[in-house]
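Computed from heavy atoms alone, side chains included, the values below leave out hydrogens, waters and symmetry copies. Just so you know, ligand 1 is whichever comes first in the structure, and atom 1 is the first atom listed for that ligand.
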Amino acid sequence: MALIVQKYGGTSVGDPDRIKNVARKVKAAVESGDQIIVVVSAMSGETDRLTGLASQMQTRPNSREMDVLLSTGEQVTISLLSMALHDIDCPAKSYTGSQVKILTDDQHTRARIKDIDAQKIQHDLDQGKVVIVAGFQGVNEKGCITTLGRGGSDTTAVALAAALKADECQIYTDVDGVYTTDPRVVPEAKRMEKITFEEMLEMASLGSKVLQIRSVEFAGKYKVPLRVLSSFKEGPGTLITFEESEVEEPIVSGIAFNRDEAKLTVTRVPDTPGIAYKILGPVSEANIEVDMIIQNTGTDGHTDFTFTVHKRDYDKALEILQETAKAMGAESVTGDDKIVKVSIVGVGMRSHAGVASTMFETFSKEGININMISTSEIKISVVIDEKYLELGVRALHTAFGLDAEQAIQE
Ligand code: ADP
Ligand code: ASP
Ligand code: MG
């Protein structure tokens with residue numbers, strides 16, 4: 001008998017029939033002899049709908065109240081799924097995050113899990129029940145409801161799998177696995193049988209929202225076997241593996257992109273020691289995370305300084321930067337929130353030269369201007385104009401031999 005955590009995302013529980021479909025899948029797993037913990041998201045669109053309501057009440061909604069509001073989405077689906085399971089004679093019990101004590105820190109709307117009380121869940125499992133837990137939510141020491149950031153149900157599932165030492169954590173979604181890139185943007189994308197944990201971590205952090213980054217970090221830390229599968233179609237899905245394969249890895253395994261960033265530039269900053277700190281210090285004090293950073297070598301004692309932040313922080317960062325620029329005697333502050341970051345990822349890049357030049361050549365042939373570049377051992381990211389997103393990703397997908405048809409011929 002194995003212990004499996006199954007997580008069903010928003011589309012998978014998007015309407016009553018789909019919830020009944022999930023109930024049938026869960027029952028089938030129970031009948032095959034496994035113990036099942038189910039984590040569910042809110043019905044698709046519900047978290048956005050609630051966010052929209054909040055913004056009609058307050059320009060920047062109070063984050064504690066936001067969590068009280070957002071957590072209702074998942075509370076609806078746990079109870080409905082439990083009813084659907086009872087209806088087909090499968091014993092089940094639903095719990096909110098605070099009822100099973102998913103203890104988090106105090107950072108409302110992006111809390112981190114600190115501990116999970118596994119006892120109650122284990123007790124129900126031992127009594128032959130399916131345990132259904134609301135994804136995306138927890139409770140802090142003070143008893144306030146917290147949420148884990150968008151896409152956070154993935155993290156709930158992996159954290160439960162780690163806490164209960166599950167044999168596998170299965171993430172059921174609306175695609176049948178992890179693809180070489182988002183199949184909604186590149187129809188030629190192919191499903192991967194396996195992806196290394198390291199690559200999945202990069203893909204998630206660079207914008208592939210098929211798994212929330214924290215869930216992948218959690219899986220890495222606790223060595224949770226993780227698989228992405230479809231709720232609607234049978235199949236093996238994609239296994240996130242901890243071993244690098246024996247055969248030579250493809251140079252580029254996948255392409256990720258992120259539409260959520262904006263870039264800011266301070267021009268003609270006096271080039272003196274400490275400018276990075278002077279510019280980024282106030283930004284980080286305002287709790288704004290910075291992603292890519294570029295500082296040019298100074299000419300005539302001045303330099304330009306560019307960095308990217310999340311789009312939601314763009315206005316605030318611009319405001320802060322204007323103050324800083326004035327104080328530093330810089331020329332001006334400019335910004336652009338119509339950009340995307342496109343990244344190629346692959347552990348095979350470690351042992352191959354020339355990958356970057358293939359990427360740049362591809363963009364050059366398509367007439368796509370590159371604004372920023374950053375590299376690490378297993379990824380190269382560039383910032384380009386958002387209107388070139390699809391063209392750029394498709395061109396790279398072909399250039400690195402990832403298109404489905406090409407792969408079959410190899
Ligand atoms: P859920 O609601 O089930 O959590 P998400 O929308 O969060 O589903 O994640 C699934 C979506 O992730 C897919 O519909 C797909 O558009 C997108 N996606 C982005 N990159 C990839 C990728 N590399 N492989 C598969 N899906 C991807
Ligand atoms: N319902 C939340 C969201 O839409 C959490 C999740 O689906 O994982 O972000
Ligand atoms: Mg998701």
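The residues Lys221 and Glu217 are annotated as not salt-bridged, no charged nitrogen and carboxylate oxygen being separated by less than 4.0 angstrom. The pair Asp154-Lys7 counts as a salt bridge, with a side-chain nitrogen and a carboxylate oxygen less than 4.0 angstrom apart. Under a 4.0 Å N-O distance rule, the pair Arg49/Glu46 qualifies as a salt bridge.
Here the protein heavy atom with the shortest distance to atom 7 (O) of ligand 1 is Lys209 O, 3.4 Å. Closest to atom 4 (O) of ligand 1 among all protein heavy atoms lies Lys7 NZ, 3.0 Å. In terms of protein heavy atoms, atom 27 (C) of ligand 1 is closest to Val210 CB, 3.7 Å.
The N/O atoms of Asp154, backbone and side chain alike, include none that comes under 3.5 Å of an N/O atom in ligand 1. Of the N or O atoms in Gly10, one or more lie within a sub-3.5 Å distance of an N or O in ligand 1. At a 3.5 angstrom cut-off on N or O pairs, Thr180 does not count as close to ligand 1. Annotation: Tyr179 places an N or O atom under 3.5 Å from an N or O atom of ligand 1; distance criterion only.
Atoms CG and CG, on Leu103 and Asp115 in that order, are 6.0 Å from each other to the nearest 0.5 Å.
The side-chain hydrogen bond (donor to acceptor under 3.5 Å, both in side chains) search around Asn21 returns none, not counting sequence neighbours. Ser374 is linked by a side-chain contact (heavy atoms from CB on, under 4.5 Å) to Met292, Lys379, Ser381, counting only residues two or more places apart in sequence or in another chain.
With hydrogens and angles ignored, the 3.5 Å screen pairs a side-chain donor or acceptor of Arg394 with a backbone N or O of Val185. No donor-acceptor pair under 3.5 Å is formed between the side chain of Gln75 and the backbone N or O of Ser79.
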Show me a pair-per-line table, with atom names and distances to 0.1 Å, of protein N or O atoms that are under 3.5 Å from an N or O of ligand 2.
| residue | atom | partner | partner atom | Å |
| --- | --- | --- | --- | --- |
| ligand 2 | 1 (N) | Thr47 | OG1 | 2.8 |
| ligand 2 | 1 (N) | Glu74 | OE2 | 2.7 |
| ligand 2 | 4 (O) | Thr47 | OG1 | 3.3 |
| ligand 2 | 4 (O) | Arg150 | NH2 | 3.0 |
| ligand 2 | 7 (O) | Ser41 | OG | 3.0 |
| ligand 2 | 8 (O) | Gly152 | N | 3.4 |
| ligand 2 | 8 (O) | Ser153 | N | 3.0 |
| ligand 2 | 8 (O) | Ser153 | OG | 3.1 |
| ligand 2 | 9 (O) | Arg150 | NE | 2.7 |
| ligand 2 | 9 (O) | Gly151 | N | 2.9 |

Atom pairs and distances, side-chain donor-acceptor, residues 142-149, under 3.5 Å, sequence neighbours left out:
| residue | atom | partner | partner atom | Å |
| --- | --- | --- | --- | --- |
| Thr146 | OG1 | Thr104 | OG1 | 2.8 |
| Thr146 | OG1 | Gly138 | O | 3.4 |
| Thr147 | OG1 | Asp67 | OD1 | 2.6 |

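Which parts of ligand 1 touch Val178 is read off a 4.0 Å heavy-atom cut-off, strictly below it: atoms 24 (N).
At a heavy-atom cutoff of 4.0 Å, ligand 1 is contacted by the side chain of Pro183 but not by its backbone. Proximity of Val228 to ligand 1, defined as any heavy-atom pair under 4.0 Å, is not found for any part of the residue.
Applying the 6.0 Å contact sphere to OH of Tyr388 captures no more than 12 heavy atoms from other residues, nucleotides or ligands. The environment of Gln127 atom CD is dense: over 12 non-hydrogen atoms of other residues, nucleotides or ligands sit within 6.0 angstrom.
The shell of residues lying under 4.0 angstrom from ligand 1, judged by heavy atoms, includes Gly177. Between Ser12 and ligand 1 there is no heavy-atom distance shorter than 4.0 Å. Heavy atoms of Arg191 stay at 4.0 angstrom or farther from ligand 1.
A pairwise comparison of heavy atoms in Lys25 and Tyr172 identifies CE-CE2, 3.8 Å as the closest pair. Glu386 and Lys311 make their closest contact through OE1-NZ, 3.9 Å (heavy atoms, listed as atom of the first residue, atom of the second, distance).
Nearest residue to atom 3 (O) of ligand 1 from Thr173, Leu211, Asp176, Val185 is Thr173 (criterion: closest heavy atom). The nearest non-hydrogen atom to atom 19 (C) of ligand 1, considering only Ile255, Asp182, Thr238, Asp174, comes from Asp182.
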